[in-house]
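Report on the following structure.
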Amino acid sequence: MPISVFDLFTVGIGPSSSHTVGPMRAAASFVDLVGDRTEDVAALEVDVYGSLAATGRGHGTFDAILLGLEGCRPDEVLPDEVDERTARMAESGIVRFGDRVEIPFAVADMRQRPLTVLERHTNALELRARTATGEELAHEIYYSVGGGFVVTQSDEEAAVLGTEAGESAREPATPHDFRTGDELLEIANREGLEVWQVMLANELGAGRTEQEVRDGLLHIAKVMEECAAHSLDRSGHLPGGLSVRRRAHDWHLRLKEEDPDRDPRYYQEWVNLVALAVNEENASGGRVVTAPTNGAAGIIPAVLHYALNYVDWVQEGGDAARDEATVRFLLTAGAIGVLYKEGASISGAEVGCQGEVGSASSMAAGGLAEVLGGSVEQVENAAEIAMEHNLGLTCDPIAGLVQVPCIERNAIGAGKSINAAKMAMWGDGDHYVSLDEVIATMKATGADMSDKYKETAMGGLAVNVVEC
Ligand code: SF4
C-alpha cells in the first residue's frame with residue numbers, strides 16, 4: 001500500500017510515536033480483533049518486548065496500552081481524558097476492555113521483557129484475551145515500527161493499522177509510484193512536475209479530492225500551531241521526575257519584548273522557540289502532530305514557521321499564499337518521508353536518532369527548499385544535506401524520557417534544515433552525494449550502531465548524566 005502524507009503526519013499524543021502512539025493503536029486494534037466476543041473476555045495477557053519494555057516507563061508505553069485496551073485511539077483521545085482514565089485505572093486496577101467489560105488488569109500485570117528482542121522489530125507487543133474458562137479468544141503480536149506505524153505478525157510490511165491509510169478503503173491507484181530519490185526525480189522531470197505535485201497526484205490517485213488533501217494538510221498545520229500555542233501558555237517543569245524546566249514560555253515573553261516587529265535577525269530565536277514549545281508539549285503528554293515521529297515532532301512545525309514568516313512571497317501574499325506554502329511544504333516533506341520509510345527507517349529503536357531527528361530534518365529541508373522556489377534537484381539536495389549531517393546521531397534519552405536531549409535536539413535539527421535548504425538554493429542542484437546514497441548510509445549506520453544507542457536508555461547521556 002502506498003504511503004500517504006497523512007500516514008506520515010498524524011494527530012496523536014505525546015511523548016513518543018513508537019512507544020506511546022503505536023502501542024495505544026495496537027491495543028485498540030486488538031479490541032477490534034476481539035470484536036463481537038468482547039463481552040466474553042474475562043482475562044488479558046500482555047507481553048511487552050525489547051525497547052518498548054526497556055524505556056516504556058519514561059515513554060508512557062504501559063499506560064498507552066491500557067488506554068488502547070479501553071478502546072482509546074491516539075488521534076481521538078484528548079489529554080484530559082488520558083489523565084482521567086489513567087488515574088482511574090491506576091486507582092482501581094481495572095481496565096474497561098473496549099470501554100464495555102471491566103477486567104482486573106494493571107501495569108504490574110504486564111510481562112515486561114526488555115532483553116527479549118523479537119526477530120521482526122525490537123518494539124513488540126503480544127496480546128491475548130481469554131474467556132473465564134481459559135479459552136483463547138484472540139491473540140496477536142504487534143510491532144510498533146516508528147512514527148506510530150503498527151504492523152502485525154501476519155501483515156505485509158507496509159500495512160498500517162489505525163492510521164488514516166489503514167482505515168480508508170482507498171484503491172492503490174498510485175499514478176507515480178516512487179520508493180527512491182532517483183525514482184522521484186525521474187518522475188518529476190519526466191512529467192514536468194514539482195515534488196509536491198508528484199505527491200499530490202498520488203494522494204488524488206488514492207481517492208481523495210484535491211480539496212480534501214488541502215483541507216487535511218491545513219488542518220495538520222493548524223494542530224501544529226495550536227500545539228505550540230498551548231505549550232507557550234504553560235510554565236513550570238515537565239513531568240517524569242527529571243525536573244526539566246519548560247523554557248518556551250519564558251523565552252516567548254522575552255522574544256515578544258525584544259522582537260515585536262519580527263526583525264529577520266531574530267528568525268533563529270523564533271524557530272528555536274517553536275521547536276522547544278512543540279517538544280515540551282510532547283514531553284508532557286500533550287496533543288501533537290507526529291511528524292514523522294513524536295520525538296522529532298518540533299522540527300517540521302519550526303521550519304514551517306520559518307517558511308511562513310520569513311519568505312518574501314509568502315509574507316506578501318496574505319492568507320492565500322500562507323495556505324499554498326503550507327500545502328507545498330507538507331507535500332514535499334511527505335514525499336521525502338516516503339523515501340525514509342521505504343529505504344531505511346524512522347524508528348529510533350531501529351536506527352537511532354538519525355532516523356527520527358535526521359529524517360524530520362531532511363523532510364523539513366526539502367519542504368523549505370520547495371517554498372524557497374527550489375528545483376526538484378535543489379529539493380533533493382536540501383534533503384540530502386540535512387541527513388548527511390545527522391548521520392550517526394544516537395538515541396540515548398535520559399531516564400527514557402523524551403526530554404533530554406530530545407527537546408533541544410529538535411531546535412538544532414530545525415536549524416540544520418534551514419541551513420541545508422539555503423545551501424541547496426545557493427547551488428544548482430548538482431551535488432556529490434545523492435539522497436539515496438545518504439539514506440542507504442543511514443540504514444547501514446543504524447544496523448551497525450550498538451543497541452545501547454537505540455532507545456534502550458543503556459548508553460550515552462542516559463548513563464553518563466546523573467539524574468537529579
Ligand atoms: S534521542 Fe532522538 S530518537 Fe531518541 S527519543 Fe529522543 S528524539 Fe527520539
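Each ligand, and each atom within it, is numbered from 1 in the order the structure gives. All values reported here derive from a predicted model rather than from experimental measurement.
For the pair K422 and Y306, the cation-pi criterion (under 6.0 Å, within 45° of the ring axis) is not fulfilled.
With no hydrogens or angles considered, a side-chain donor-acceptor pair links W270 and D259 at under 3.5 Å. Judged purely by distance below 3.5 Å, without hydrogens or angles, the side chains of S51 and T456 never pair a donor atom with an acceptor atom.
Pairs engaging residues 281-299 under the salt bridge (charged side-chain N to carboxylate O under 4.0 Å, His left out) rule: R234-E281, R246-E281 [sequence neighbours left out]. Listed by first and then second residue, the salt bridge (charged side-chain N to carboxylate O under 4.0 Å, His left out) pairs involving residues 380-408 are R247-E408 (not counting sequence neighbours). For residues 214-239, the set of pairs meeting the ring-ring contact (aromatic ring centres under 6.0 Å, His included) definition, not counting sequence neighbours, is empty.
Distances under 2.8 Å from atom 2 (Fe) of ligand 1 pick out the protein N/O/S atoms C353 SG.
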